[in-house]
Protein chains: 2
Amino acid sequence: MTTPGRGLHGHVLDTLGPAITAGEYPPGSVLRTDELAQRFDVSRSVMREAVRVLESMHLVESRRRVGVTVRPKAEWNVYDPQVIRWRLEGADRPHQLRSLTVLRSAIEPVAAALAAKHATAEQCAELTECALGMVANSRGHKLEEYLVHDVAFHRVILTASGNEMFARLGDVVAEVLAGRTHHEVMFEDPDPAAVTLHVQLAEAVREGDADRAEKLTREITVGALQELDILAP
Amino acid sequence: MTTPGRGLHGHVLDTLGPAITAGEYPPGSVLRTDELAQRFDVSRSVMREAVRVLESMHLVESRRRVGVTVRPKAEWNVYDPQVIRWRLEGADRPHQLRSLTVLRSAIEPVAAALAAKHATAEQCAELTECALGMVANSRGHKLEEYLVHDVAFHRVILTASGNEMFARLGDVVAEVLAGRTHHEVMFEDPDPAAVTLHVQLAEAVREGDADRAEKLTREITVGALQELDILAP
DNA sequence: GGCTCTTGAATTCGTCGTACCTAATGGGTT
DNA sequence: AACCCATTAGGTACGACGAATTCAAGAGCC
C-alpha cells in the first residue's frame with residue numbers, strides 16, 4: 001500500500017508477514033532462516049534482515065539452536081501500520097475491522113473535543129471544506145469521492161487534537177473507512193444523517209464547542225459500530 | 001526493559017534508537033551505514049539489520065546513493081512499545097507522558113464499559129483482588145506495592161474489554177503508571193479518592209454496570225490528567 | 001553568453017557467499 | 001541423577017560485485 005516491496009527483503013516481508021498474521025504458522029511454529037532463504041531464493045543476509053523486522057514487530061522470536069519461532073497473537077505489535085495492513089489483507093479482516101472501529105469510537109470523540117479547543121483557523125477551514133465535499137458527493141453513487149473527503153475530514157480532526165498519538169491514527173482510520181467502502185457494507189449512498197453530523201461537527205469545532213464536538217463524534221462512531229453490528233440493539 | 005540488547009544489533013539499537021527519538025539527529029539528517037558500523041565497532045551486516053529495524057519503525061529511511069535519513073517525528077510509529085520506551089528514557093519524557101495519559105483518558109473508560117459486559121468471573125475476582133491490594137498499600141509509603149496492584153488492575157480491565165487493541169495498551173499504561181510513581185508527581189501516598197474509585201470500579205464491572213464503570217473510569221483518568229496539569233481549571 | 005540537456009563518474013546502499021564463532025539442546029556417559 | 005560433549009542453527013565478520021541515484025562536467029542550443 002505505502003511502500004510495496006522496496007528491495008528483496010521487502011518482497012519477503014510482503015509474503016511472510018501476511019502469512020504469519022493470517023495464522024498460517026500457528027504460535028510456536030519454528031521456521032529456519034536457511035530454509036526460508038532457500039524458499040524465497042534470497043541470500044541468508046536478506047532473510048536475516050526480514051526476520052529482524054518481523055522480530056521488531058514481535059511477530060516472531062529468534063533463538064539460537066532453535067530457529068525462528070512464531071509468537072502468540074497476543075504479543076504482536078498490533079498498532080504497527082504494517083501489521084494492521086497485513087491483517088486487513090487476510091482472513092482476519094472482519095475481526096480486525098471491528099477492533100479498529102471500536103478503537104475509533106474511543107479515540108475520535110476525545111480527539112474532536114481537543115480539536116475544538118486547539119484547532120487553528122486553517123484547520124477549521126479545511127474541516128469545513130471536507131464537510132462540503134462530503135455533502136457534494138453524498139448522492140449519486142460517488143462513493144470514491146465521498147471517501148476521499150471523509151478520510152480527510154477525520155485526519156484533520158485527529159491532527160487538530162494536538163496529540164501526536166491521536167494524529168498517528170489517521171492512517172488507521174483511513175484504512176477502516178476505505179475498507180468499509182470497498183469491501184463491507186455501504187453499497188449505496190452514505191447515510192444522510194451521518195453527512196449532517198459531519199457538517200455539524202465542523203461547525204462545533206469552528207465555534208470551539210468541545211462538548212458538542214465530542215457528542216457529535218460519539219454519534220458518528222455509534223453509527224460506524226452499528227454498521228458492523230457491534231452494538232446490541 | 002523487555003529484552004535489552006539481545007545481540008550486537010540490539011546494543012546498537014539501544015544506543016541509536018534513543019538518540020534518534022531524542023532528536024539528536026534532526027529530521028533530514030543523513031547517516032551512513034559504514035560510518036555507523038565503524039562508530040559502533042560492528043560489521044556492516046549487523047548495522048544493516050539495525051537500520052532495517054529502525055526503518056520498520058519509520059524512524060529512518062534508507063535510500064541508495066544518499067544514506068540513512070532521519071524521518072520527521074510526525075511519521076514515527078509512536079505506538080511501537082520500543083519507541084515509547086526510548087522516548088520515555090529521553091528528554092521527551094514529560095511530553096510523551098502527557099500524550100500517553102491523554103490516550104489513556106480516551107481508551108480506558110470505553111474499555112471499562114466493555115469489560116463490564118464481557119469480564120469473566122475469574123477476571124472479576126482478579127479485579128477485586130487488585131483493588132484490595134491497592135487499598136492495603138495505600139498508606140504508609142508503600143508506593144511500589146501499590147504500583148504493582150494498580151498496574152495489574154488496569155491490565156485486567158484492558159484485557160477483559162475483549163478488544164485486542166485495548167489489551168495491547170496494557171504495557172503503555174504500565175509505563176505511564178510506573179513513570180508517575182518513579183519520576184513525576186506522587187511523592188506521598190496515593191489520593192484516597194482514587195483508591196475508592198478503583199474499588200467502586202471493580203464493583204461496577206462485577207455487577208455488569210457498563211455505564212457506571214465508564215463514568216468511574218472517566219473520573220480516574222481525569223485525576224491522572226489533573227496530576228499532569230493537562231486539564232485547564 | 002547563458003541556458004538546457006546529456007552523459008558519465010562517483011558514491012552508497014543492495015545482494016551474495018563464505019567462513020568462523022557462539023550458545024543452546026539433546027543424547028550419551030559416568 | 002548429574003555431567004559432558006557433539007550437533008545444530010543462529011550470530012558475526014569480511015570481501016566482492018551489482019545497481020541505482022546524485023551531481024557535475026561538457027556538448028548542444030537559443
Side-chain angles (χ1 to χ4, degrees), chain A residues 2-17 19-20 24-72 75-76 82, chain B residues 2-17 19-20 25-72 75-77 82:
Chain A
T2 38
T3 322
R6 61 280 165 205
L8 280 186
H9 109 281
H11 173 252
V12 171
L13 283 174
D14 288 339
T15 308
L16 252 190
I20 293 174
E24 285 180 34
Y25 304 93
S29 302
V30 177
L31 310 172
R32 271 160 306 158
T33 309
D34 301 289
E35 182 190 307
L36 290 173
Q38 214 168 1
R39 171 135 61 93
F40 289 102
D41 195 38
V42 296
S43 69
R44 200 161 77 110
S45 325
V46 169
M47 184 52 64
R48 284 181 54 76
E49 288 173 21
V51 168
R52 280 277 177 269
V53 172
L54 295 174
E55 202 176 21
S56 84
M57 295 169 175
H58 276 68
L59 294 183
V60 302
E61 190 182 1
S62 180
R63 276 167 48 198
R64 288 187 164 177
R65 176 55 176 139
V66 175
V68 179
T69 63
V70 178
R71 304 180 77 146
E75 296 177 11
W76 297 351
Q82 185 79 69
Chain B
T2 39
T3 323
R6 62 281 162 203
L8 280 185
H9 108 282
H11 172 252
V12 171
L13 283 176
D14 288 339
T15 309
L16 251 190
I20 293 174
Y25 305 93
S29 301
V30 176
L31 311 171
R32 270 159 306 153
T33 308
D34 299 290
E35 181 191 307
L36 290 173
Q38 214 167 3
R39 172 136 58 95
F40 288 101
D41 195 39
V42 295
S43 68
R44 200 162 76 108
S45 326
V46 169
M47 184 52 64
R48 284 181 53 75
E49 288 174 20
V51 168
R52 280 276 176 271
V53 173
L54 294 175
E55 202 176 21
S56 84
M57 295 169 175
H58 276 69
L59 294 183
V60 302
E61 191 182 359
S62 180
R63 275 167 45 197
R64 280 184 162 154
R65 176 58 173 111
V66 175
V68 179
T69 63
V70 178
R71 304 180 78 146
E75 296 176 12
W76 298 350
N77 281 359
Q82 183 83 274

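Note on naming: letters A, B, ... go to the chains in the order of the sequence lines (proteins, then strands), and numbering restarts at 1 for each one.
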Counting any heavy atom closer than 4.0 Å, what does [X] reach on the DNA or RNA strands: base, sugar-phosphate only, or nothing?
X: Arg64(A); result: base
X: Ser62(A); result: sugar-phosphate
X: Thr33(B); result: sugar-phosphate
X: Val42(B); result: sugar-phosphate

Rounded to whole angstrom units, what separation is found between the [atom1] atom of [X] and the [atom2] atom of [N]?
X: Arg48(A); N: dA9(D); atom1: CZ; atom2: P; answer: 15 Å
X: Glu49(A); N: dG10(D); atom1: CD; atom2: P; answer: 16 Å
X: His9(B); N: dT22(C); atom1: NE2; atom2: C1'; answer: 17 Å
X: Gln38(B); N: dT12(C); atom1: CD; atom2: C1'; answer: 15 Å

| request: Map Arg63(A) and Ser43(B) onto DNA chain D by nearest heavy atom, then report which one ends up closer to the 5' terminus. | output: Arg63(A)

| said: Which is more 5' along DNA chain C, the nucleotide nearest Val66(A) or the one nearest Arg32(B)? Just name the residue. | reply: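 The residue closer to the strand's 5' end, by nearest nucleotide, is Arg32(B).
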
| query | Between Arg44(A) and Arg65(A), which is nearer to the 5' end of DNA chain C once each is assigned its nearest nucleotide? | reply | Arg44(A)

| Which atom pair, heavy atoms only, marks the closest approach of Ser56(A) to Ser56(B)? |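 So the minimum-distance heavy-atom pair works out to OG-OG, 3.1 Å.
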
| Applying the side chain to side chain contact (heavy atoms under 4.5 Å, CB included) test to Met47(B), which of Val68(B), Leu36(B), Asp34(B) qualifies? |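 Only one option passes, and that is Leu36(B).
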
| query | Any salt bridge between Arg52(A) and Glu55(A), counting N to O under 4.0 Å? | reply | yes

